[in-house]
Amino acid sequence: MLTLNTPNLSLNAIAASGQCFRWTPMENGCRIVAHGRVLHARQVGPEKLALDCGAAEKALWRDYFDLDTDYAAIIGAIPPEDAYLRAAAEYGQGIRILRQDPWEVLITFILSQRKSIPAIRQAVERLCAAAGEEIGSEEGMPLYAFPSPEALARLNDTALQRCGLGYRAPYVHRTACAFAEGRLTAAGLETLPDDDLFSALCGLYGVGRKIAHCVLLFGFHRMNAFPVDVWMQRVGAAHYPGGIPLAEYAPWAGVMQQYMFAYERHLNGKG
DNA sequence: AGGCAGGCGCTCC
DNA sequence: GGAGCGCCTGCC
């Protein structure tokens with residue numbers, strides 16, 4: 001058992017944030033599958049998290065939860081006159097931008113397009129069961145790691161269709177092959193500055209602006225990336241007649257997006 | 001029961 | 001460079 005000091009962290013807020021799809025709220029905390037491991041986390045105080053792992057994994061999970069970033073300071077940087085964003089941040093202050101595996105984020109967001117969050121979860125779990133390594137079990141049900149590029153590239157179209165990918169199957173397949181054959185690597189992409197990384201991602205079959213921005217933010221922790229989806233379009237139309245002032249949010253626009261996304265969905269009855 | 005969802009590729013202009 | 005359209009599937 002390991003205890004971490006965790007300011008501005010809400011398990012439920014992150015689980016509902018739409019940046020990760022393998023967090024499962026349990027009666028007492030959350031089950032998290034990430035980085036090839038299964039972790040159970042529960043809040044044991046306003047700013048404390050208990051994890052069912054040993055001290056050897058402390059650095060790994062501190063990094064995953066992004067605990068070296070000061071989110072209170074980010075919230076403090078919100079323009080004072082921006083009333084909507086201040087309210088959104090008040091609501092969403094427990095959200096952090098996780099440091100997830102870029103490969104997993106890329107594939108997950110490719111298959112997410114035009115799917116609701118429950119549908120995305122289901123497809124990801126099926127993909128993991130079809131090609132991921134078994135890494136544990138819970139109540140007799142096996143749990144699987146996210147598949148490697150090689151394992152995913154081996155799935156044929158029929159197998160991908162059984163995971164519910166539909167027309168996204170070739171998108172996932174082509175990117176998996178690019179990684180499996182070494183034409184593309186997370187380490188290589190990581191070296192690129194934001195603009196070049198965005199362009200490189202947009203060059204992938206099935207990746208457009210929205211998905212590319214999600215991968216920048218959630219996969220490569222580029223905190224200024226601002227994914228514009230239908231929710232952000234609604235926010236802009238309702239609260240920012242001159243457009244959402246992204247320049248004022250630099251270099252944390254992505255964090256602001258997460259606050260707005262959570263708040264707007266909340267106001268519309270989706271959490 | 002049927003519209004809609006956390007878009008993208010393609011094909012026109 | 002922008003508008004229109006088809007697309008798989010599960011959810012509400």
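Bear in mind the structure is a predicted one, so any value in this text is a computation, not a measurement. Sequence lines set the chain letters: A, B, ... in the order given, protein chains first and strands last, and positions in each chain run from 1.
- Aromatic ring centres of A/Y249 and A/W252: separated by at least 6.0 Å.
- B/dG6 and C/dC5 are spaced 23 Å apart, taking the P atom of each and rounding to whole Å.
- Residue A/I117 is classed as a base contact, given a heavy-atom separation below 4.0 Å to a base.
- Note: CH2 (A/W231) to P (B/dG7) measures 11 Å, nearest angstrom.
- Judged by distance alone, with hydrogens and angles left aside, A/K210 brings a side-chain donor or acceptor within reach of the base of B/dG6, the pair sitting under 3.5 Å.
- Atoms CZ (A/F218) and P (B/dG6) sit 14 Å apart, rounded to a whole Å.
- As judged by a 4.0 angstrom heavy-atom cut-off over every strand, A/F21 is placed among residues making no nucleic acid contact.
- Salt bridge annotation for A/E57-A/R62: absent, with no cationic side-chain nitrogen under 4.0 angstrom from a carboxylate oxygen.
- Spacing between atom CZ of A/R209 and atom P of B/dG9 amounts to 12 Å, rounded to whole angstrom units.
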inquiry  = Run the side chain to side chain contact (heavy atoms under 4.5 Å, CB included) test on A/Q233 and A/V228 for me, step by step, so that the C-alpha distance in whole Å, both residues' side-chain angles and the decisive distance to 0.1 Å come before the verdict.
reply    = CA-CA 7 Å; A/Q233 287 169 15; A/V228 176; 4.1 Å; yes
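- Checked by atom type, the side-chain pair A/E264/A/Y259 shows no donor-acceptor distance below 3.5 Å.
- Nucleotides C/dC8 and B/dG3 have their C1' atoms positioned 15 Å apart, rounded to a whole Å.
- A/R121 has its CZ atom 13 Å from the C1' atom of B/dG6, to the nearest Å.
- Contact annotation for A/S17: base contact, defined as any heavy-atom pair under 4.0 Å involving a base atom.
- Base pairing in DNA chain C yields stems of at least 3 consecutive Watson-Crick or G-U pairs, both distances under 3.5 Å, namely B:2-5 with C:9-12, B:7-13 with C:1-7.
- A salt bridge between A/E125 and A/R22 is present, with a side-chain N of the basic residue lying under 4.0 Å from a carboxylate O of the acidic one.
- Here B/dA5 presents its P atom at 19 Å from CG of A/L111, a figure rounded to the nearest Å.
- Seen from the ring of A/Y205, A/R174 counts as a face-on cation partner, given the 6.0 Å and 45° thresholds.
- Using a 4.0 Å heavy-atom criterion, one finds that A/R234 contacts the sugar-phosphate atoms exclusively.
- Nucleic acid contact for A/L204: sugar-phosphate only, since backbone atoms but no base atoms lie under 4.0 Å from a heavy atom of the residue.
- For A/R96 (side chain) and A/D66 (main-chain N/O), a donor-acceptor pair under 3.5 Å exists by modelled atom type.
- Taking the six-membered ring for Trp, A/F226 and A/H213 have ring centres at least 6.0 Å apart.
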note = Counting primed atoms, P, OP1 and OP2 as sugar-phosphate and everything else as base, the B/S/- map of nucleotides 6-12 of chain C against protein heavy atoms under 4.0 Å is -BBSSS-
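- Whole-Å rounding puts the A/E264 CD to B/dG6 C1' distance at 13 Å.
- With respect to the salt-bridge test (charged N to carboxylate O, under 4.0 angstrom), the residues A/E138 and A/R31 qualify.
- Positionally, the nearest nucleotide of DNA chain B for A/Q258 lies more toward the 5' end than for the other of A/C202 and A/Q258.
- Under the 3.5 Å distance criterion, with hydrogens and angles disregarded, no donor-acceptor pair is assigned to the side chains of A/Y263 and A/N268.
- As rounded to whole Å, 11 Å separates atom C1' of B/dA5 from atom CZ of A/F261.
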